[in-house]
Amino acid sequence: MNAALPAPMDVKLMNLTASVLFTGVIVVALAALLWWAVRHPLFAIGGISVQGDLVHNNVVTLRANVAPKLDGNFFTVDLGKTRNAFEAVPWVRRALVRREFPNRLKVVLQEHQVAAFWGSEGDSRLISTLGEVFEANIGEVELDDLPRLAGPQGQAAQVLAMYRALAPLFVPLDTSLDQLELTSRGGWRARTDAGAVIELGSGTVQELSARTERFVHTLTQIAARHGRSADAVETADLRYGEGYALRLRGVTTLTAQPKK
C-alpha cells in the first residue's frame, strides 16, 4: 500500500487561513455579544437586596445612599467598590456582595456590636466586641452603662481584654469599673462608677488581677478601721509590692497592709 502523500503547501496554507478566519469570526461574534450585553437595558442594575442583622441601619436608607455610587451594569459593576461603599456606612463592619442574574446585587451586612466607648470624653469612637475601633454617632448608642476605654493606637483589643478580666473582680465591692486606660508608658489606670481613681501599674493580666483581688478583698476592712465604707475611696495606688496606698474622703493618705 502506498503511503499517503503530504498535502501540498497551498492546501496547508488554505487550511491555516480558513482556521484563522473562523477563529476571527468567533472572536468578533463574542465581542459583539458582549457589547450587546453591556449596553442592553435588561442587564442594568435593577435592584439591591440587603440582608443581615441590622440594628443601627435601615435597609431602604442604605440602598438609597449606596445605589447612586454604583457604576456599570450587572456585568461591569465593580463588586470591590460596591463593598467599600457599604462598609463606609456607620456601624457596618463587613459587607459581602455578589451578583444575582440577570440584574440584581445581593448584599449581606454585618454590623459592629459595641462593647465600650473608646478614647477621651467626647470622642465619637467606639470599640466593638471584637476589639475593633470604629466611628459612629454616639447618640445612637442606647447602653448608658458602657465603660470608657482608652489607650495607644492599635491597643484597643488589649485594653478590652484587660477590662474583661478586671471588671468582674469589683463585684464584691458593689461597684463597677467605669473607665480603664493604658497609658503611653504601659501603666494601667482605672476609675470606678463611684469616682475612685486606681493606679494599677504595669504587668500582665495575671499580675494586675492579683493586685486587684488583694485590693478588693481587704478594702472594706481597711476603710472600716477609719469609719468609712468602700465607696469612700478617692484614690488607690496598687503599685506596691505587699500593699497599696489609699486615700479615703476625710482621711489622710495611708498605706494598707493586708492581713495574712
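Using cut-offs of 30° and 60° for the angle between ring planes, the Phe74 and Phe101 rings count as perpendicular.
For the atom pair Arg211 CZ and Asp237 CG, the distance stands at 10.0 Å (nearest 0.5 Å). The structure places CG of Leu208 at 5.0 Å from CG of Leu200, a figure rounded to the nearest 0.5 Å. A distance of 13.0 Å separates OG1 in Thr82 from CG in Leu96, rounded to the nearest 0.5 Å. Rounding to the nearest 0.5 angstrom, the gap separating the CG atom in Leu246 from the CG atom in Leu219 is 6.0 Å. Remark: Gln221 CD to Thr218 OG1 distance equals 7.5 Å, nearest 0.5 Å. The distance from atom CG of Leu177 to atom CG of Leu169, rounded to the nearest 0.5 Å, is 9.0 Å.
Residues meeting the side-chain hydrogen bond (donor to acceptor under 3.5 Å, both in side chains) test with Asp231, sequence neighbours left out: Ser229. With sequence neighbours excluded, the residues forming a side chain to side chain contact (heavy atoms under 4.5 Å, CB included) with Arg191 are Gln179, Val197, listed by chain and number. With sequence neighbours left out, Leu130 forms a side chain to side chain contact (heavy atoms under 4.5 Å, CB included) with Arg93, Ser128, Glu132. Under the side chain to side chain contact (heavy atoms under 4.5 Å, CB included) criterion, Val55 pairs with Glu111, sequence neighbours left out. The salt bridge (Lys or Arg N to Asp or Glu O under 4.0 Å) test applied to Arg98 returns Glu100, not counting sequence neighbours. By the side-chain hydrogen bond (donor to acceptor under 3.5 Å, both in side chains) test, Ser124 is found to be paired with Glu135, residues two or more places apart in sequence or in another chain being considered. With sequence neighbours excluded, no residue forms a ring pair (Phe, Tyr, Trp, His ring centres under 6.0 Å) with Tyr163. Annotation: side-chain hydrogen bond (donor to acceptor under 3.5 Å, both in side chains) contacts of Thr175 (sequence neighbours excluded): Asp193. For Arg125, the side-chain hydrogen bond (donor to acceptor under 3.5 Å, both in side chains) partners two or more places apart in sequence, or in a different chain, are Asp123.
In this structure a side-chain-to-backbone donor-acceptor pair under 3.5 Å is present from Thr192 to Ala194. Put simply, the side chain of Arg228 gets close to the backbone of Arg249: a donor and an acceptor are under 3.5 Å apart. A distance-only check finds no donor-acceptor pair linking the side chain of Glu213 to the backbone of Ala210 [under 3.5 Å]. The closest donor-acceptor contact from the side chain of Arg189 to the backbone of Leu182 lies at 3.5 Å or more, if one exists at all.
Remark: of the listed residues Asn58, Val60, Val108, Leu109, Leu109 is the sole one forming a side-chain contact (heavy atoms from CB on, under 4.5 Å) with Val50.
Few gaps surround CZ on Arg104; more than 12 heavy atoms of other groups in view lie less than 6.0 Å from it. Counting heavy atoms of neighbouring residues, nucleotides and ligands inside a 6.0 Å radius, atom CG of Asn84 exceeds 12 of them.
Among residue pairs with one or both ends in residues 62-78, none qualify as salt bridge (Lys or Arg N to Asp or Glu O under 4.0 Å); sequence neighbours excluded. Here ring pair (Phe, Tyr, Trp, His ring centres under 6.0 Å) pairs that include residues 165-222, with residues two or more places apart or in two chains, are Phe215-Tyr244.
Across Ser202 and Gly186, no two heavy atoms sit closer than the pair CB-O, 3.3 Å. In terms of heavy atoms, Val251 sits closest to His226 at CG1-ND1, 3.9 Å. Between Ala44 and Asn73, the closest heavy-atom pair is CA-CB, 3.9 Å. The nearest pair of heavy atoms linking Val205 to Ala165 is CG1-CB, 3.6 Å.
A centroid separation of 6.0 Å or more is found between the aromatic rings of Trp118 and Phe134.
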**OP:** Tell me, with the steps shown, if Ile45 and Asn103 meet side chain to side chain contact (heavy atoms under 4.5 Å, CB included).
**Re:** CA-CA 5 Å; Ile45 299 298; Asn103 61 356; 5.8 Å; no
**OP:** Assess whether side chain to side chain contact (heavy atoms under 4.5 Å, CB included) is satisfied between Val133 and Leu126, documenting all intermediate values.
**Re:** CA-CA 6 Å; Val133 177; Leu126 299 166; over 6 Å; no
Original post:
Given the rule in the side chain to side chain contact (heavy atoms under 4.5 Å, CB included) test, do Thr235 and Ile198 qualify, once you have shown the distances and angles that lead to the verdict?
Top reply: CA-CA 6 Å; Thr235 62; Ile198 305 172; over 6 Å; no
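Residues Val77 and Arg99 meet the side-chain proximity criterion, which asks for heavy atoms closer than 4.5 Å. Leu54 has its side chain within reach of Val59: a pair of non-hydrogen atoms, C-beta onward, lies under 4.5 Å apart. A 4.5 Å side-chain heavy-atom check between Asn65 and Val89 finds every atom pair outside the cut-off.
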Quick one: side chains of residues 146-157, donor-acceptor pairs under 3.5 Å with protein atoms, not counting sequence neighbours, listed by atom name and distance.
residue, atom, partner, partner atom, Å
Arg148, NH1, Gly119, O, 3.1
Arg148, NH1, Ser120, O, 2.9

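The same ILVMFWY cluster, assembled from side-chain heavy atoms under 4.5 Å apart, contains both Val92 and Leu79.
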